[in-house]
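Right, one structure below, let's go through it.
No hydrogens, no waters, no symmetry mates; every other heavy atom, side chains included, goes into these values. These numbers come from a predicted model, not from an experiment.
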2 protein chains.
Amino acid sequence: MSNLSIGQLAQRTGVAIDTVRYYERNGLLQPAGRLASGYRRYGDAELKRLRFIRRAKALGFSLEDVRALLTLSEERNVAKVKRAAQAKLADIEARIAELERVRGGLRTLIAACPGHGRAEACPILNALTDEETH
Amino acid sequence: MSNLSIGQLAQRTGVAIDTVRYYERNGLLQPAGRLASGYRRYGDAELKRLRFIRRAKALGFSLEDVRALLTLSEERNVAKVKRAAQAKLADIEARIAELERVRGGLRTLIAACPGHGRAEACPILNALTDEETH
DNA sequence: CTTGACTCTGGACCGTGATCCAGACTCTAG
DNA sequence: CTAGAGTCTGGATCACGGTCCAGAGTCAAG
């Protein structure tokens, strides 16, 4: 059973101390207790919980999402957790699709641009400057 | 030669009035002039410039990028414009790659999750909860 | 002339996720 | 005991791209 200071917790999870306190302010992570001095103390449960937060964020969940996931996790509600993951996947796929659309536009323009010569012949500038077609 | 109020300019470009003034504060778009009343007046050049801004943003350029692009456009520096577009493309490709990485993680977890049963059997919760392996 | 729509300015505020600060207090090694 | 590292609080600040507001002035139609 570990009994960690905020600095040790931060060090073990790779999360900044200020961020740990920020998560606390936002109701994501409470210390197990406090010393008489007011210093926060964290146990294994909080260590795991902070790792959970860090991993969920790495999977693209917002802090708001993480808050919901933590609740579902505590409720052990597997069905809702799966649905949340599916919703996040759909969200990520939409972002990818949008970026791919943009990528396609840029690629086309770059490929058509000689990179020298008159500005009027630059398809990139033309695309940004020309009249609407739609 | 059009001679537009800020409201007409906003309406023709699909940009909010407040946003037009925001762009002005940030040096992206100055009105052609002012009436005695102080009302802004815009001509064709500003209309085109605002469309340029809107399109560049649709291609993923930040306002900072747009500022640079507008300068390059005025300089008619085709080579630098092309390089800016290439840099932005690389940026977008990196974002896509990162999102694809996340998508892969989520897909794997979702596929392995039965969506019911014990929380301990849910790979999504396990992935968020388990000890590090690396 | 009146009325309603439009515009002006300066500044406050939003969401997201932190990050940093001052000034005070506490803990630990030596 | 002392020095240095760690921690506390509350609040300010950042980036980004706007959005909204009050209160005053202006414009255009009827």
Does [X] pair with [Y] as a salt bridge, N-O distance under 4.0 Å?
X       : Y       : answer
A/Glu74 : A/Arg67 : no
A/Glu46 : A/Arg41 : no
A/Lys48 : A/Asp44 : no

Here's a test of your reading of the structure: between A/Arg25 and A/Gly38, which maps to the more 5' nucleotide of DNA chain C? A/Arg25
Heavy atoms under 4.0 Å, any strand shown: does B/Ile17 hit a base, just sugar-phosphate, or nothing?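 Sugar-phosphate, backbone atoms only, no base.
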Taking OP1 and OP2 of [N], is either one under 4.0 Å from a side-chain nitrogen or oxygen of [X]?
X       : N      : result
A/Tyr23 : C/dG17 : no
B/Lys57 : D/dC16 : no
B/Arg21 : C/dG11 : no

Nearest-nucleotide check on DNA chain D, B/Ala36 vs A/Gly7; residue mapping nearer the 5' end is A/Gly7
Could you state the OH-P distance from B/Tyr22 to C/dC14, rounded to the nearest angstrom?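 So the OH-P distance, B/Tyr22 to C/dC14, works out to 17 Å.
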Return yes if the base of C/dC6 and the side-chain atoms of B/Tyr39 contain a donor-acceptor N/O pair under 3.5 Å, otherwise no.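 Looking at the base of C/dC6, it does pair with a donor or acceptor on the side chain of B/Tyr39 (distance under 3.5 Å).
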Test item: A/Asn26 side-chain N/O and A/Tyr22 main-chain N/O as donor-acceptor pair under 3.5 Å: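 Yes; judged by distance alone, with no hydrogens or angles, the pair exists.
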[X] side chain: which of [options] is closest?
X       : options                : value
B/Asp18 : D/dC20, C/dC8, C/dC20  : D/dC20
A/Thr19 : C/dG17, D/dG17, C/dT19 : C/dT19
A/Arg40 : D/dC8, C/dC8, D/dT7    : D/dC8

